[in-house]
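Numbers restart at 1 for each chain; the letters A, B, ... are given by sequence-line order, proteins then strands. What you are looking at is a predicted structure, and each value in this text was computed from that prediction instead of being measured.
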Protein chains: 2
Amino acid sequence: MNSVFKALADPTRRKVLELLRQRPMTAGELSDHFPVSRPTMSAHFAVLREADLIEANKIGTSITYQLKLSVLEDALLGFTQLFGIGAAERTPAGATGSPKPTREGADE
Amino acid sequence: MNSVFKALADPTRRKVLELLRQRPMTAGELSDHFPVSRPTMSAHFAVLREADLIEANKIGTSITYQLKLSVLEDALLGFTQLFGIGAAERTPAGATGSPKPTREGADE
DNA sequence: ACGATATTTAGATATTTGGCTAAATATCGA
DNA sequence: TCGATATTTAGCCAAATATCTAAATATCGT
């Protein structure tokens with residue numbers, strides 16, 4: 001969970017997730033959206049992978065990355081609910097993540 | 001918004017926000033919850049202040065920090081909605097933040 | 001005005017991070 | 001097997017970050 005927030009701290013990585021929200025994409029395809037080198041992007045992918053936010057799938061010579069929405073959802077919603085902010089109550093249509101009962105007062 | 005995610009990247013700072021969720025507290029009071037020096041905590045407060053996540057209020061010799069829930073809410077909910085995750089639809093009771101219309105497809 | 005208390009600022013240091021180039025690895029097609 | 005393509009690993013560097021101690025600043029009570 002800390003790794004998720006660490007991963008989210010970088011704008012490039014957040015944008016990668018946003019791109020992946022629409023469809024899975026290969027490393028190269030993703031890299032084309034950013035003004036940095038392939039190895040640098042590869043490092044960003046590694047951070048996202050370690051946070052379990054994306055999933056790699058090797059097909060032939062290229063690697064397709066896919067967003068793991070449920071992990072992002074669990075971290076974000078969990079934190080959000082910790083503050084009584086929005087979310088909760090009804091599982092949104094099309095949600096992929098876990099139901100996770102509404103925790104009201106959780107401190108530590 | 002980037003500054004919010006940067007601020008959220010550190011566990012100590014996230015915990016400070018959680019503590020502040022319950023009630024405003026002084027710098028010293030907050031510091032007592034962590035195993036680091038006062039100056040270090042002061043630096044963390046500065047990061048949170050720069051992200052506009054907390055508000056300082058000097059009373060006599062001590063400084064009381066207060067959570068700015070609406071800022072946290074805007075950043076988190078905004079990002080969350082970007083992914084179609086939870087939230088949205090109904091403004092939660094007691095929400096302090098801006099209404100902010102549901103943006104559906106926003107990429108860049 | 002003095003001493004005590006609360007907090008921040010200054011300055012130093014070690015670690016982490018984000019970036020690069022060059023090289024290694026893996027797979028495809030001929 | 002060879003060459004091209006996709007991606008990662010290795011090695012380096014500069015800037016940012018988290019931490020510390022010591023010192024500065026501000027305010028209170030006497």
Rounded off to whole Å, could you give me the CG-to-P distance for the B/Asn57 and C/dA6 pair? 18 Å

Tell me the interatomic distance from B/Glu50, atom CD, to C/dT8, atom P, rounded to whole angstroms. 13 Å

Listed nucleotide nearest any side-chain atom of B/Arg38, set C/dT17, D/dT8, C/dT7: C/dT7

May I have the distance from B/Leu30 (atom CG) to C/dA6 (atom C1'), rounded to whole angstrom? 13 Å

Which part of the nucleic acid, if any, lies within reach of A/Thr40 when heavy atoms closer than 4.0 Å are counted: base, sugar-phosphate only, or nothing? base

Between D/dT21, C/dT7, D/dA10, spot the one nearest the side chain of A/Pro39, thanks. D/dA10

Please work out which of the three classes, parallel, tilted or perpendicular, describes the rings of A/Tyr65 and A/Phe45, given edges at 30° and 60°. tilted

Whole-Å distance, A/Ile54 CD1 to D/dT8 C1', equals 13 Å

Does A/Arg21 use its side chain to pair, donor to acceptor, with the backbone of B/Leu82 at less than 3.5 Å? yes

Using whole Å, report how far CG of A/Asn2 lies from C1' of D/dA18. 14 Å

I want to verify a distance call: between C/dA6, D/dT7, C/dT17, whose nearest atom is closest to the B/Ser62 side chain? C/dA6

Working to the nearest 0.5 angstrom, can you tell me the gap between B/Asp74 CG and B/Lys68 NZ? 11.0 Å

Would a distance-only check, ignoring hydrogens and angles, find a side-chain to backbone donor-acceptor pair under 3.5 Å from A/Arg13 to A/Leu8? no

Checking all strands, does B/Thr26 fall into the base, sugar-phosphate, or nothing category for heavy-atom contacts under 4.0 angstrom? sugar-phosphate

Inter-residue atom distance B/Ile85.CD1 - A/Ser70.OG, 0.5 Å rounding: 9.0 Å

Starting at CD1 of B/Ile63 and ending at P of C/dA6, how long is that distance when rounded to a whole Å? 12 Å

Sugar-phosphate, base or nothing in reach of B/Tyr65, heavy atoms under 4.0 Å: sugar-phosphate

Would you mind telling me which residue lines up with the more 5' stretch of DNA chain C, A/Thr61 or A/His44, judged by nearest nucleotide? A/His44

Among the nucleotides D/dT17, C/dT8, D/dA18, whichever has the atom closest to the side chain of B/Arg49 is C/dT8

Result for 5'-nearest mapping on DNA chain C, choosing between B/Met41 and A/Thr12, is B/Met41

Between C/dT8, C/dT7, C/dT5, which nucleotide has the shortest distance from any of its atoms to the side chain of B/Phe45? C/dT8

From CG of A/Asp10 across to P of D/dA16 the rounded distance in Å is 14 Å

Need one value for A/Ser31: base, sugar-phosphate or nothing, where a base atom within 4.0 Å counts as base even if backbone is also close, heavy atoms only. nothing

The side chain of B/Lys58 lies closest to which of these nucleotides: D/dT27, C/dT8, C/dT27? D/dT27

How many whole angstroms separate atom NZ of A/Lys6 from atom P of C/dT16? 9 Å

